[in-house]
Amino acid sequence: MNRWIALFLLLPLLLAACERKANQETRKPASKPLVVAERPLPPPPVSPGSGPFSLSRLQFAQLPGWYSDNPAEAIVAFRRSCESLLRRPAGAAIDKQGRYGRVVDWVPACSALGEPGAYDADSARRYFEAWFQPFMVAGDRRSEGLFTGYYEAEVSGATRRGGDYQWPLYRPPGGSVGDRASIDAGALEGKGLEIAWLDDPVDAFDLHIQGSARMLMPDGSYRRVGYAGTNGKTFVGIGRLMLNRGLIGPHQASAQGVKAWLRANPEEARSLMQENPRYVFFRWIDGEGPVGAQGVPLTAGRSLAVDPAYLGYGMPVFLESSYSDGRPLNRLMIAQDTGGAIKGAVRGDLFWGTGAPALAIAGGMKQRGRYYVFLPKTLNVAFASR
């Protein structure tokens, strides 16, 4: 009988010890929340019957590099997107296809967002884990796609033609126009559409690819120009044409290599650039920039251009890819822009900032990778498993 009494008295102590052991086994270490950050669980395969576009539910622990990224750096970008979303009608769809709910479905997560300066890496991670559920994106039954980089160019320009400033930037003409060759031949001359003149034809062409620039004016001041529309023609990347024709080698197949060849071969450059029929029109941007397709200023290293046929602007997207030198590139981005060459369910273009340092990263980036979209837990995402 005494043994049973002793056992009864020891039972609470035994239970407490078991609970402490369980907590020790499941608690995340302070310096490295989960070991799977270094050896992540593989993402679930996309089933053969999932169709041309699908989402597969994951846990945050399955995102490669989630615990080594600093998501606090993405808070500034996400707050800008939330402010833009909350200005829209509550019933407005987040994306063109209506896949990701309405503005009202995103209000709780956006309303819970604190000021950017209030977050460090851990608290930002806790915010996204509390309010969102990650999903792997796949298209045509493939979860891997292409990721490139872009930047805000720095160019020299003037508002009047003269001297070295001979290559125009046009505002949208308001009607149908021809291709690049016809515009270069003077189709828009004499219509008063020029907003600026550049001193370098290669910079002007590159600006049609990047979509925005910080322009050094003759008086030493800076102004910004940004994308305002196109002539509706299909984009053709001349880097691939040059590579296929043996004009450049694989080691030169970067933005820097292409621009160097065009400057070194001005006679051939003009006709080669005209093989990209797409022509971009511009507008002056006042205030902070550059501005993406969502209408908010882009954040270097955290803004992502996507295909709006598959993702909505303002959505958090975790990227699993690499730099051009092979180093892992796993980071939280915000979908805030698009581009003529950004087509497909798994396709992204990373904005790296302004000028030469940004070009050094963006210019050679052409990497394979995956991304994972974050959807609010308050949103009914039953469609994702269909």
Side-chain angles (χ1 to χ4, degrees), residues 46 50-56 81 93-100 135-152 172 179-180 205-212 226-244 253-255 258 273-281 290-295 298 303-322 324 329 333-352 362-373 384:
V46 181
S50 57
F53 177 83
S54 66
L55 299 177
S56 301
S81 285
I94 292 296
D95 65 303
K96 291 182 177 181
Q97 305 299 324
R99 293 187 179 104
Y100 306 111
F135 293 82
M136 183 176 67
V137 180
D140 295 326
R141 304 175 185 175
R142 293 188 295 271
S143 62
E144 192 173 278
L146 176 66
F147 294 91
T148 50
Y150 71 113
Y151 72 111
E152 181 186 39
D179 59 11
R180 179 177 297 276
F205 179 79
D206 183 53
L207 184 47
H208 285 232
I209 299 172
Q210 306 305 327
S212 62
Y227 173 93
T230 75
N231 62 346
K233 306 299 181 182
T234 301
F235 172 84
V236 173
I238 67 167
R240 172 57 58 184
L241 298 179
M242 295 167 69
L243 191 61
N244 292 342
S254 63
V258 168
M273 290 187 290
Q274 289 176 351
E275 292 194 51
N276 173 20
R278 190 179 186 90
Y279 202 92
V280 174
F281 304 109
V291 175
Q294 192 186 12
L298 302 178
S303 293
L304 184 69
V306 299
D307 186 343
Y310 295 95
L311 298 184
Y313 295 133
M315 297 174 64
V317 180
F318 191 79
L319 175 65
E320 176 196 354
S321 187
S322 61
S324 58
L329 176 57
M333 312 287 292
I334 309 298
Q336 295 179 318
D337 203 4
T338 190
I342 312 306
K343 301 296 182 185
V346 186
R347 177 70 172 94
D349 204 18
L350 285 72
F351 176 68
W352 287 109
M365 188 174 178
K366 194 173 185 180
Q367 314 300 114
R368 306 299 295 177
R370 295 186 178 95
Y371 57 26
Y372 310 85
V373 63

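Considering all non-hydrogen atoms of both residues, Tyr310 and Tyr100 come closest at O-OH, 2.7 Å. Across Val317 and Ala335, no two heavy atoms sit closer than the pair CG2-CB, 4.4 Å. Summarising the geometry of Phe351 relative to Pro290, their closest heavy-atom pair is CZ-CG, 3.6 Å, with the distance given to 0.1 Å. Here the closest non-hydrogen pair linking Gln294 and Ser81 is OE1-OG, 2.7 Å. Of all the heavy atoms in Ile238 and Met273, the pair that sits closest is CD1-CG, 4.3 Å. Considering all non-hydrogen atoms of both residues, Phe281 and Asn231 come closest at CE1-N, 3.7 Å.
Atoms OG and CE, from Ser303 and Met333 in turn, are 6.5 Å apart once rounded to the nearest 0.5 Å. Separation of atoms CG (Asp95) and CG (Leu311) is listed at 8.0 Å; rounding is to 0.5 Å.
For the pair Val236/Pro277, a side-chain contact is recorded, criterion being any heavy-atom separation below 4.5 Å from C-beta on. Between Gln336 and Leu298 the shortest side-chain heavy-atom distance falls below 4.5 Å. Considering only heavy atoms from C-beta on, Asp206 comes within 4.5 Å of Tyr151 through its side chain. Side-chain contact between Arg370 and Met136 is present, with heavy atoms from C-beta onward closer than 4.5 Å.
Checking side-chain atoms of Thr230 against main-chain N and O of Tyr279 turns up no donor-acceptor pair under 3.5 Å. Proximity of a side-chain donor or acceptor of Asp337 to a complementary backbone N or O of Leu304 within less than 3.5 Å is not detected. When atom types are taken as modelled, the side chain of Ser322 and the backbone of Leu329 share no donor-acceptor pair closer than 3.5 angstrom.
Across Arg347, Gln367, Lys366, a single residue satisfies side-chain hydrogen bond (donor to acceptor under 3.5 Å, both in side chains) together with Thr148, and that is Arg347.
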